[in-house]
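Quick notes on the structure that follows.
We count ligands from 1, going down the list as the structure has it; atoms in each ligand are counted the same way. Just so you know, these numbers come straight off a predicted model, no measurement behind them.
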Amino acid sequence: MKRIAIVGGAGRMGQALAVGLGAVEGFTVAALVDVHEPRELFAAAYKSSLDELDAKTVDVVVDFSTPEGVVSSSSWCAKNAVALVIGTTGLSDAQRTAVEQAATKTGVVMASNFAIGEVLSERFAAMAAPYFDRVEIIELHHDKKVDAPSGTSLTTARVIAQARKAAGRATPVDPTLRHTVVGARGAQVDGVVVHSVRLPGLVAHQEILFGGPGEGLTIRHDSFDRQSFVQGVALAVRAVTSTPGLTIGIGSLLD
Ligand code: NAD
């Protein structure tokens with residue numbers, strides 16, 4: 001039995017994971033940890049901080065909170081040798097360093113997107129990248145998302161840039177010379193343009209648009225519901241207790 005504590009347990013993802021992970025055979029959600037009391041406890045205990053938790057009662061901490069929350073989770077998990085799965089995005093370099101330090105003491109899996117279809121779409125994008133000179137990403141999320149561009153689009157842009165570099169393909173120069181309105185061409189991430197859309201009603205969506213002479217290829221992934229992340233988080237929870245160090249992304253866990 002894997003005993004799980006969800007940090008950010010009162011949030012949109014925390015509540016969805018409490019339902020989803022709680023239904024997985026061999027898992028039990030032991031605690032919801034949050035600065036706010038969760039609307040639903042789903043038979044788990046509520047703790048306002050990991051420090052209130054007896055480390056002997058949890059096998060894995062799953063963090064979907066804030067970058068500051070991730071730093072606290074990393075230090076608690078390192079101190080108590082409890083494995084950690086991180087889904088929170090928008091970490092600064094210093095916050096990432098805190099995660100890396102924790103991973104020298106316990107297993108950590110960190111992924112910007114746990115949806116299996118999205119992980120596959122990154123693989124497909126890496127396959128296509130050497131064959132198309134132009135590529136732009138449109139990421140679309142709900143209107144409550146606080147970071148932009150999405151962690152997923154940053155990862156996807158880097159995967160595409162690495163695939164092009166490995167194939168010896170140069171980064172194309174954007175021919176747009178006049179920016180009548182600043183920001184009209186989106187943000188540059190490793191030479192890949194990323195556009196962010198925020199609208200009510202959306203969950204998490206991404207289009208990767210490749211263009212070549214006379215043809216285009218669009219790879220689109222949609223998370224219609226937060227349950228789309230459960231399967232990938234469950235995969236990480238199963239793997240993390242026997243995978244020392246830091247694992248970035250769940251691609252390697254799918255093989
Ligand atoms: P949310 O705002 O609904 O929930 C965040 C929760 O964290 C809140 O309940 C808040 O009270 C709590 N919190 C804040 N600081 C805390 C702390 N120090 N300790 C404990 N709890 C704390 O946000 P959300 O939509 O659930 O998203 C949470 C994070 O997960 C975001 O960073 C989002 O980008 C990320 N996310 C990742 C994936 C993925 O697949 N990796 C998918 C969806 C969302």
Legend entry - atom 27 (O) of ligand 1 - nearest protein heavy atom and its distance: Met13 CG, 4.1 Å
Legend entry - Ion pair check, Arg3 and Asp59, cut-off under 4.0 Å: yes
Legend entry - Atom of Val119, atom of Asn113 and distance for their closest heavy-atom approach: CG2-O, 3.9 Å
Legend entry - Contact check: Arg226 vs ligand 1, nitrogen or oxygen atoms, below 3.5 angstrom: no
Legend entry - atom 23 (O) of ligand 1 [closest protein heavy-atom partner, distance rounded to 0.1 Å]: Arg12 NH2, 3.7 Å
Inset, instruction - Heavy-atom distances under 4.0 Å are what count here, so tell me which part of Phe229 touches ligand 1: side chain, backbone, both or neither. - result: side chain
Legend entry - Residue, atom name and distance, where the atom is the protein heavy atom closest to atom 30 (O) of ligand 1: Phe64 CD2, 3.5 Å
Inset, instruction - Check whether more than 12 heavy atoms from other residues, nucleotides or ligands sit under 6.0 Å from atom NZ of Lys105, and answer yes or no. - result: no
Inset, instruction - Taking only Lys NZ, Arg NE, NH1 and NH2, and the carboxylate oxygens of Asp or Glu, determine whether Glu25 and Lys2 approach each other closer than 4.0 Å. - result: no
Legend entry - Salt-bridge contact Lys145-Asp143 (side-chain N to carboxylate O under 4.0 Å): no
Inset, instruction - Can you sort out which atoms of ligand 1 are near Ser112, meaning under 4.0 Å from one of its heavy atoms? - result: 39 (C), 40 (O), 41 (N)
Inset, instruction - Please write down residue, atom name and distance for the protein heavy atom closest to atom 4 (O) of ligand 1. - result: Gly11 CA, 3.3 Å
Legend entry - Close approach, Ala111 and ligand 1, non-hydrogen under 4.0 angstrom: yes
Inset, instruction - Select one of side chain, backbone, both or neither to describe which atoms of Val7 lie under 4.0 Å from any atom of ligand 1, heavy atoms only. - result: side chain
Legend entry - Numbered atoms of ligand 1 (with element) below 4.0 Å of Lys145, judged on heavy atoms: 34 (O)
Inset, instruction - Give the atoms of ligand 1, by number and element, whose distance to some non-hydrogen atom of Ala10 is under 4.0 Å. - result: 9 (O)
Inset, instruction - Would you mind checking which non-hydrogen protein atom is closest to atom 18 (N) of ligand 1, with the distance to 0.1 Å? - result: Gly69 CA, 3.5 Å
Legend entry - Proximal ligand 1 atoms for Phe114, defined as those under 4.0 Å from one of its heavy atoms: 39 (C), 40 (O), 41 (N)
Inset, instruction - Using non-hydrogen atoms of the residue, decide whether Lys144 is closer than 4.0 angstrom to ligand 1. - result: no
Legend entry - Options Thr66, Leu32, Thr89, ranked by nearest heavy atom to atom 32 (O) of ligand 1, top entry: Thr89
Inset, instruction - Kindly state whether the ring of Phe114 and the ring of Phe229 have centres lying under 6.0 angstrom apart. - result: no
Inset, instruction - Pick whichever of Ser65, Gly87, Ala236 has a heavy atom sitting closest to atom 35 (C) of ligand 1. - result: Gly87
Inset, instruction - Quick one: look up the protein heavy atom nearest atom 11 (O) of ligand 1 and list residue, atom name and how far away it is. - result: Asp34 OD1, 2.6 Å
Legend entry - Per-residue contact class, Glu68 against ligand 1 - non-hydrogen pairs under 4.0 Å: neither
Legend entry - Asp34/Lys47 salt bridge by N-O under 4.0 Å criterion: no
